[in-house]
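Naming: A, B, ... by sequence-line order, numbering from 1 per chain. Just so we're clear, the structure is a prediction, and the values are computed from it rather than from any experiment.
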Amino acid sequence: MVITRFAPSPTGYLHVGGARTALFNWLWARENGGKFILRIEDTDLRRNTPTAMQQVINDLRWLGLEWDEGPDIGGPNGPYLQSQRLDLYTMYAKRLIEQGKAYYCFDTSAELEAMREKASAEKNNIVYQRPARFPDESDVKKARAEGKPVTVRFAMPAEEIVINDCLRGEVRFNGAELGDWIIIKSDGFPTYNFAVVVDDALMKVSWVIRGQEHLMNTPGQQELWKTLGFGELPKYVHMSVTISEGGGKLSKRERPASLRKAIKKTEGADVEKIAAAGSIGAEEMKGFLDGKTMPDMPAVDAMAKYLGVELPEINVVDFFRSGYIPETMVNFLALLGWNPGTGQEIMTREQLVAGFDISRLTKSNSLFDRQKLLSFNMEHLRLTPKEKVAGYFKDFLKEEQSPVAKADDARLEKLLAICDGARTLAEVEQKSRFLFVEDEKIEYDEKAVRKVLSAGGGEFLKIIRDKLSAMDSLSEQAVEQMLRAIAEEKGVGLGKIAQPLRVALCGSTVSLSMFESVVMLGKDRTLTRIDIALKKFG
RNA sequence: GGCCCCAUCGUCUAGGCCGGCCCAGGACACCGGGUUUUCAACCCGGCGACAGGGGUUCGAAUCCCCUUGGGGCUACCA
């Protein structure tokens, strides 16, 4: 049976790189009728945040990547939180020590740092000097009494280690150069590389599909697996990595970094007010601007909103908030480093599962192209069943606290239908907003007013007003006829007529079709808005 | 620096393992035109790549080597 897993560390929102890894594992399990496990790697006390696990779970659910075993639903191989498996790691570490395959160390971080510096000065990799005699329990006691840190290292064999990667073939390493590495930290917690082996083995994971960044960890993990006698090795697949526009692995730091850039670029930026918007202190703000610290995501988002800058989407939630739907994300992410070989690009979840194959993974890194994502979203907005999209739209509106949220299901679907060709739900929201704002509260875009209303558009508005008030029933056809008639009479294009009306009704030059807009707004409110606009700008 | 991975249009990629069907195909972006009540969409057309150098071969995008470039890892992070 194919058993895969996704093992994030709960350090914040799920970002697209992680989502892609999760997706490939999920696809491979589903394709083979296997199992997909969610495991939380919370062995770093300092970095974990209490809400992060729930955030990751929410994001995976939104993407539709359901797992068969996990911390929230349990399973036969639990617990699925590493922090709850500590006794297991301790037990296996003890076993290794007894076998003489691992040993205690008492180095301080300063001593380690000195070793690193020495190695780097010699233009070499740091290799930990294995002691001639492994310390015993009495040494440990002594070290503890002296207040020295106690860690455990795995003794790597000094021989060639060959791993067989399903994507990259045989990759060779020199065990002697890799050196002995820590499996138990001084706080008693296992390191990632140790816990991952124990858990993968105990959870019977048969396929380890992860990013290329883990390739160097594999020889160590493989040796440990063998030493622990865990039997048949899992199949290893080290996928390409997702690169961002600026070069380098896509990282969640990009959002704060891009905000910092924006603040520095803004002339006369009121740093105090910006900090207040993010509810962070002056100290933290200074550290952030100096590039020393990163505020948390809510603070970053709030400051960006205050400044009115768009930050690049990195986390899965960012894409949700920008109006993308899960179908798009799953499809697009799947195509980053994989393709079905059929030339088909736009695919449903089912098609992805059916067509997925590890052997068609790409070896080279790929860049996350937001332009293409945008066009994918348009396609999926069209392809996905209407009710489903309406559901996503509702969630989106709620998250954005949009006035459009007041609309009922029928109206929502209507709006979505009118906006066929929109690339994001945010575009639909933006175009529809004016329908749900009070007549007096329309915000008029200065440029739009200048360009359309002040430039003689008021004349046409008056004509429209007169014609409209004479109509007794409104229909899209009737409104269209009326507007076209005016255009013809005046010998101008329809645009000359529709644009002033648009600005009067919406305050903007970007909105729904005017024919539908007038009908949906209703005669009275349309007239009211025309009057307001005429009074203000006519 | 050391170790490891990778290398086809601006981007994602097809093709490469089984050399000739590839003077390299698709998609997104871009450019030009059309359509149009705004934005978007839509239709037609166009630009555009085998990183460089050596081999092997009758023949190389495809196989080998070197160079260059990109990426990863180099923690008591995961």
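RNA chain B lies under 4.0 Å from at least one heavy atom of each of the following residues of residues 362-370 of chain A: A:T362, A:K363, A:S364, A:N365, A:S366, A:L367, A:D369. For RNA chain B, the residues of residues 147-169 of chain A within the heavy-atom distance limit of 4.0 Å (strictly under) are A:P149, A:T151, A:R168, sorted by number.
Distance check on atom C1': B:rC31 versus B:rC47 gives 7 Å, rounded to whole Å. Spacing of P atoms, B:rC50 relative to B:rU62, comes out at 12 Å, to the nearest Å. Between B:rU13 and B:rU68, the two C1' atoms lie 24 Å apart (nearest whole Å). Taking the C1' atoms as reference points, B:rG33 lies 39 Å from B:rG69, given to the whole Å. Using atom C1' as the reference point in both B:rC3 and B:rG59, the two lie 38 Å apart (nearest Å). Comparing B:rG53 with B:rC9, their C1' atoms are spaced 23 Å from each other, to the whole Å.
No contact: A:F376 has no heavy atom under 4.0 Å from any strand. Using a 4.0 Å heavy-atom criterion, one finds that A:I497 contacts no nucleic acid atom at all. Among the heavy atoms of the strands lying under 4.0 Å from A:L494 is at least one base atom, whether or not backbone atoms are also near. Nucleic acid contact class of A:G493 (heavy atoms, under 4.0 Å, all strands): none. If you check every strand for non-hydrogen atoms under 4.0 Å, A:V171 touches sugar and phosphate atoms only. Across all strands shown, A:K496 has no heavy atoms under 4.0 Å from either base or sugar-phosphate atoms. Residue A:R39 is out of contact with every strand shown, counting any heavy-atom pair closer than 4.0 Å. At the heavy-atom level, A:T43 lies under 4.0 Å from the strands shown only through sugar-phosphate atoms. The residue A:S511 sits close to a base: some heavy atom pair falls under 4.0 Å. Across all strands shown, A:K123 has heavy atoms under 4.0 Å from sugar-phosphate atoms exclusively, and none from any base. Among the atoms of the strands shown, only primed sugar atoms or phosphate atoms (P, OP1, OP2) are found under 4.0 Å from some heavy atom of A:G248.
Here the C1' atom of nucleotide B:rU37 and the CD1 atom of A:I486 are 13 Å apart, to the nearest Å. In this entry the distance linking NE2 of A:H238 with P of B:rC73 reads 12 Å, nearest Å. Between the P atom of B:rG2 and the CD atom of A:E177 lies a distance of 11 Å, rounded to the nearest Å. Remark: C1' of B:rA75 and CE of A:M115 are 13 Å apart, rounded to the nearest angstrom. When the P atom of B:rA27 is taken as reference, atom CG of A:N377 falls 20 Å away, rounded to whole Å. Atom-to-atom, CD of A:Q430 to P of B:rU38 comes out at 16 Å; the value is rounded to the nearest Å. For A:M239 and B:rC6, the CE to C1' distance is 15 Å, given to the nearest whole Å. One can place CG of A:L45 at 10 Å from P of B:rA78, the figure rounded to the nearest angstrom.
We find that A:R116 and A:E113 are joined by a salt bridge, their nearest charged nitrogen and carboxylate oxygen being less than 4.0 Å apart. Between A:K118 and A:E122 there is a salt bridge, since at least one side-chain N of the basic residue sits less than 4.0 Å from a carboxylate O of the acidic one. With respect to the salt-bridge test (charged N to carboxylate O, under 4.0 angstrom), the residues A:K467 and A:E489 qualify. Residues A:E310 and A:R370 are not paired through a salt bridge, judged by the lack of any N-O separation under 4.0 Å between the basic side chain and the carboxylate. With respect to the salt-bridge test (charged N to carboxylate O, under 4.0 angstrom), the residues A:K372 and A:E345 qualify.
When atom types are taken as modelled, the side chain of A:R130 and the backbone of A:M156 share a donor-acceptor pair closer than 3.5 angstrom. Remark: the backbone N or O of A:M471 is paired with a side-chain donor or acceptor of A:K523 at under 3.5 angstrom. Checking side-chain atoms of A:S9 against main-chain N and O of A:T11 turns up no donor-acceptor pair under 3.5 Å. In this structure, A:D42 contributes its side chain and A:Q82 its backbone to a donor-acceptor pair below 3.5 Å. Side-chain atoms of A:D180 do not come within 3.5 Å of backbone N or O of A:R153 as any donor-acceptor pair. A distance-only check finds no donor-acceptor pair linking the side chain of A:E429 to the backbone of A:T424 [under 3.5 Å].
A 3.5 Å limit on both hydrogen-bonding distances identifies B:rC31 as the Watson-Crick or G-U partner of B:rG45. Within the shown strands, nothing qualifies as a pairing partner of B:rC9 under the Watson-Crick or G-U definition with both distances less than 3.5 Å. With a cut-off of 3.5 Å on both pairing distances, B:rU37 has no Watson-Crick or G-U wobble partner at all. B:rA24: no Watson-Crick or G-U partner with both key distances under 3.5 Å is found in any strand. Using Watson-Crick or G-U wobble geometry with both donor-acceptor distances under 3.5 Å, B:rG59 finds no partner in any strand shown. Judged by Watson-Crick or G-U wobble contacts below 3.5 Å, the nucleotide B:rC3 has B:rG72 as its partner.
Residue A:P135 comes nearest to A:Y104 through the heavy atom pair CG-O, 3.3 Å, listed as atom of the first residue, atom of the second, then distance.
Across B:rU37, B:rA29, B:rC3, the shortest atom-to-atom separation from the side chain of A:F173 is found for B:rC3. When distances run from any side-chain atom of A:N217 to the nucleotides B:rC4, B:rA78, B:rA75, the shortest one goes to B:rA78. Closest approach to the A:E345 side chain among B:rA78, B:rA27, B:rG1 is made by B:rA27 (side chain taken as heavy atoms from C-beta onward). Closest contact between the side chain of A:L112 and the listed nucleotides B:rC76, B:rA40, B:rU37 involves B:rC76. Listed nucleotides: B:rU37, B:rA41, B:rC28. Nearest to the side chain of A:R382: B:rA41. Of the candidate nucleotides B:rC42, B:rC3, B:rG72, B:rG72 has the atom nearest to the side chain of A:K249.
Inter-residue side-chain proximity for A:F6 and A:I209 is flagged as unmet; no heavy-atom pair is nearer than 4.5 Å. Proximity of A:D369 to A:L373: side-chain heavy atoms (C-beta onward) are nowhere separated by under 4.5 Å.
The aromatic rings of A:F376 and A:H380 sit tilted, their planes meeting at an angle between 30° and 60°.
One finds a side-chain N or O of A:R360 lying less than 4.0 angstrom from the OP1 or OP2 phosphate oxygen of B:rG15. The side chain of A:K185 contributes an N or O atom lying less than 4.0 Å from OP1 or OP2 of B:rA78. Residue A:R47 places no side-chain N or O under 4.0 Å from the OP1 or OP2 atom of B:rA78. Close to B:rU13, at under 4.0 Å from its OP1 or OP2, lies no side-chain N or O of A:K372. Residue A:R172 places none of its side-chain N or O atoms closer than 4.0 Å to OP1 or OP2 of B:rC4.
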Shorter than 3.5 Å, N or O on both sides, protein versus nucleotides 43-53 of chain B: list them out with atom names.
none

task = Decide yes or no on salt bridge (charged side-chain N to carboxylate O under 4.0 Å, His left out) for A:R433 and A:E400, but give the supporting numbers first.
result = CA-CA 12 Å; A:R433 203 181 186 105; A:E400 293 300 297; over 6 Å; no

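A:Q212 contributes a side-chain N or O that forms a donor-acceptor pair with the base of B:rG71 under 3.5 Å.
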